[in-house]
Amino acid sequence: MTVDVTGQTRQKTVTWQDPLPTARLGRELSGREYLTGIAEGRIPPPPISAHFGMRWVSVADGDVVLAATPDESLYNPIGTVHGGVAATLLDSAVACAVHSTLPAGVGYTSVELKVNFLRAISGSVGEIRAHGWVVKAGSRVAFAEGDIRDADGKVLATASSTCLIIAP
């Protein structure tokens, strides 16, 4: 079977800044200062943000909220937003929640992420918010949880994560 897709081509332009100077700056600031700078537009966001239209809504100690408005450019083969988009938003929210608790010069990396997809996400859902919060901070390992909700507050996905703390 051949499907006629004539006239259905769409485009999306993704633009970002060189991430290396920003990453260097991040080592000089506490996690909260760095992420607040991104949220306030004083520091360029990481390039992954441009791909998903991700933006920082709020940053507090151990608590971060990100937002995005998914569109059909993020669809999987069955016509819904790819689960990797939700996983990326959740990984970013929970890991940044951990980052917000760290002093200058201390880094982190995700070592485990478990995601539960509760409802399909489509391009018509509008803005979604990924909320991440620290459950247990530590000097070597931190644990965080998060969820994604639609504008009505319906939970679309949840996550739990373990982050390795990397001291200089």
Side-chain angles (χ1 to χ4, degrees), residues 3-29 31-60 63-100 102 107-133 144 146-152 154-159 161 163 166:
V3 178
D4 180 13
V5 293
T6 307
Q8 295 182 13
T9 301
R10 293 169 176 85
Q11 287 185 308
K12 184 176 182 178
T13 302
V14 178
T15 306
W16 67 92
Q17 290 186 277
D18 180 356
L20 297 181
T22 304
R24 282 192 292 276
L25 174 63
R27 290 190 286 274
E28 299 171 10
L29 301 172
R32 184 166 181 188
E33 291 169 326
Y34 181 65
L35 295 172
T36 298
I38 292 172
E40 293 175 351
R42 295 180 286 110
I43 297 174
I48 191 69
S49 302
H51 290 281
F52 298 140
M54 185 186 332
R55 60 196 178 284
W56 274 251
V57 174
S58 66
V59 176
D63 194 281
V64 169
V65 177
L66 306 174
T69 303
D71 61 38
E72 64 186 15
S73 72
L74 302 174
Y75 276 16
N76 60 25
I78 62 171
T80 60
V81 172
H82 193 283
V85 174
T88 299
L89 288 170
L90 284 164
D91 185 45
S92 297
V94 297
C96 285
V98 169
H99 189 185
S100 72
L102 301 177
Y108 68 95
T109 189
S110 299
V111 294
E112 180 265 341
L113 178 70
K114 181 187 184 311
V115 177
N116 293 307
F117 303 102
L118 306 178
R119 290 184 170 83
I121 301 173
S122 71
S124 64
V125 73
E127 182 182 83
I128 58 175
R129 290 190 175 207
H131 180 197
W133 58 91
D147 62 30
I148 293 178
R149 295 176 185 256
D150 67 13
D152 294 328
K154 274 190 205 155
V155 179
L156 307 174
T158 62
S161 179
C163 290
I166 306 167

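Numbering of residues begins at 1 and proceeds along the displayed sequence.
A distance of 9.5 Å separates CD1 of I148 from OG1 of T158, quoted to the nearest 0.5 Å. Interatomic distance, OG1 of T69 versus CZ of F52, reported as 13.5 Å (0.5 Å rounding). Atom SG in C96 sits 8.5 Å away from atom CG in D91 (nearest 0.5 Å). To the nearest 0.5 Å, atom CD of residue E40 and atom CG of residue L35 are 11.0 Å apart. Rounded to the nearest 0.5 angstrom, L74 CG and T80 OG1 are separated by 11.0 Å. Note that CG of L66 is 11.5 Å distant from OG1 of T88, once rounded to the nearest 0.5 Å.
Between G83 and F117 the shortest heavy-atom distance is O-CE2, 3.4 Å. Closest of all the heavy-atom pairs between S73 and K12 is OG-NZ, 3.0 Å. Across all their heavy atoms, G123 and V81 have their closest contact at N-CG2, 4.3 Å. Shortest non-hydrogen contact noted between A93 and A130 is CB-O, 3.8 Å. Nearest heavy atoms, G132 versus A97: O-CB, 3.5 Å. A95 and S110 get closest at one heavy-atom pair: CB-OG, 4.0 Å.
Contacts classified as salt bridge (charged side-chain N to carboxylate O under 4.0 Å, His left out) and involving residues 122-131 (residues at least two apart or in different chains) are given here: R55-E127, E127-R129.
Side-chain contact between Y75 and P70 is absent, with no heavy atoms from C-beta onward closer than 4.5 Å. Looking at heavy atoms from C-beta onward, L113 lies in side-chain contact with V94 at the 4.5 angstrom threshold. You'll find the side chain of H131 stays beyond 4.5 Å of the side chain of V57, heavy atoms only. Counting heavy atoms from C-beta on, the side chains of Y34 and T22 come closer than 4.5 Å.
By the side chain to side chain contact (heavy atoms under 4.5 Å, CB included) test, D150 is found to be paired with V125, D152, K154, L156, residues two or more places apart in sequence or in another chain being considered. Residues forming a side chain to side chain contact (heavy atoms under 4.5 Å, CB included) with P45 (at least two apart in sequence, or on another chain): I38, S49, W56.
Summarising the local packing, CD of Q17 is surrounded by 12 or fewer heavy atoms from other residues, nucleotides or ligands at distances under 6.0 Å.
Side-chain atoms of S161 never come within 3.5 Å of backbone atoms of A144 as a donor-acceptor pair (strictly under, hydrogens ignored). Side-chain atoms of S58 do not come within 3.5 Å of backbone N or O of V64 as any donor-acceptor pair.
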